[in-house]
Amino acid sequence: MPEGPSLYILKELLAGFAGQEIARASGNVRAIDPARLVGQRIDAIHTWGKHLLIETQAMVVRVHFLLFGTYRINEGREGKTPRLSIETTGGDVLNLYACQVREIDRATYTAYDFSADVMSEAWDPKKARKKLRAQPDLLACDALLDQDIFSGVGNIIKNEVLFRIRVHPLSTMGALPAPKLRRLVDEARQYSFDFLAWKRAYVLKQHWLAHAKRTCPRCHIPFVKQNLGKTNRRSFYCERCQKRYA
DNA sequence: AGGAGTGTTGTGGT
DNA sequence: CACCACAACACTCC
């Protein structure tokens, strides 16, 4: 479930929840008391990268699906207790499973910078480039996973973007030629929207060119599969097609 | 059966 | 203090 485009889909599905009052709330969440949500009107549902934000007058709840989180709308999962379940007076139900639920304070909520969210209308590529240039030692594989720069980008998008732009994951930001750095930023957003379209059509996986693949579709040599960078996440790359700038 | 993975956070060590 | 390795969380699929 986790990357930004999936949250974007969820936000759309939840559009009808805004303005509704919460009639019931329950779940095995420990960080908040679901009962506090009862009687609250949902003022807004937002996403920022991989965060789902549910705003009411009294509180803002942040949901993160991490690696395993899932949700159901107007249905439940057989034999599974939701982490958090919210039912509106209108009869709509949101069930959240295996996710991290937290309350955040108003200041934190207000401070969310949507210009860093690759799925947002407010996405600002210029700011992203500036952040990248400010960290010349930052590796490409780590840069794309940095949620303060590319909020919403996850490991799949990382691998696909680097393959598309033919950049080796261990390239440093300082060594990337300006047009490449620009492409990295632009493709992070572009691929995220391609991801969105493919996810909607249930054809995402078949469009992967690099992630979890064994062979380079361009030159047909085996991909290197290695955990790289500070983030130490799986990277799939072609040593021939993807140039290492360092 | 065992292991790995679309992710993040906290802890403890160096 | 910075950086790291590792554990924990919790679920599905191969």
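To find a chain, count down the sequence lines: A is the first, B the second, and so on, and within it residues start at 1.
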Counting any heavy atom closer than 4.0 Å, what does A/K205 reach on the DNA or RNA strands: base, sugar-phosphate only, or nothing? nothing
Quantified in whole Å, what is the P atom distance between nucleotide B/dG3 and nucleotide C/dA7? 14 Å
With the side chain defined as heavy atoms from C-beta on, A/R62 is closest, among B/dT6, B/dG5, B/dT9, to B/dT9
Do the side-chain N or O atoms of A/Q147 get closer than 4.0 angstrom to the phosphate oxygens (OP1, OP2) of B/dT8? yes
On the 0 to 90° scale, with breaks at 30° and 60°, tag the A/Y112-A/H51 ring pair as parallel, tilted or perpendicular. perpendicular
Does A/H211 put a side-chain nitrogen or oxygen below 4.0 Å from OP1 or OP2 of B/dT6? yes
Write down the distance separating the P atoms in C/dC6 and B/dG5, rounded off to the nearest Å. 16 Å
Using whole Å, report how far CG of A/D146 lies from P of B/dG7. 13 Å
Is A/R102 close enough to B/dT8 that one of its side-chain N or O atoms is under 4.0 Å from OP1 or OP2 there? no
Using Watson-Crick or G-U wobble pairs with both distances under 3.5 Å, give me DNA chain B in dot-bracket, 5' to 3', with [ ] for crossers and | for pairs to another strand. .||||.||||||||
So does A/K230 get a side-chain nitrogen or oxygen closer than 4.0 Å to the phosphate oxygens (OP1/OP2) of C/dC3? no
Heavy-atom count around A/R106 CZ within 6.0 Å, excluding the residue itself: above 12? yes
A/N232 or A/C99: which one's nearest nucleotide on DNA chain C is closer to the 5' end? A/N232
Quick note, A/K50 side chain, CB onward, closest among C/dC11, B/dG7, B/dT6 is B/dG7
When you get a sec, tell me which of B/dT9, B/dG7, C/dA10 is the closest nucleotide to the side chain of A/A98? C/dA10
Could you please name the option among B/dT6, C/dC11, B/dT9 that lies closest to any side-chain atom of A/F195? B/dT6
Would you mind classifying the nucleic acid contact of A/R83 as base, sugar-phosphate or nothing, using non-hydrogen atoms under 4.0 angstrom? sugar-phosphate
Around A/E121, counting heavy atoms of other residues, nucleotides and ligands shown, do more than 12 lie under 6.0 Å from its CD? no
Proximity to the side chain of A/F68 - top-ranked nucleotide from B/dG7, B/dG5, B/dT6: B/dG5
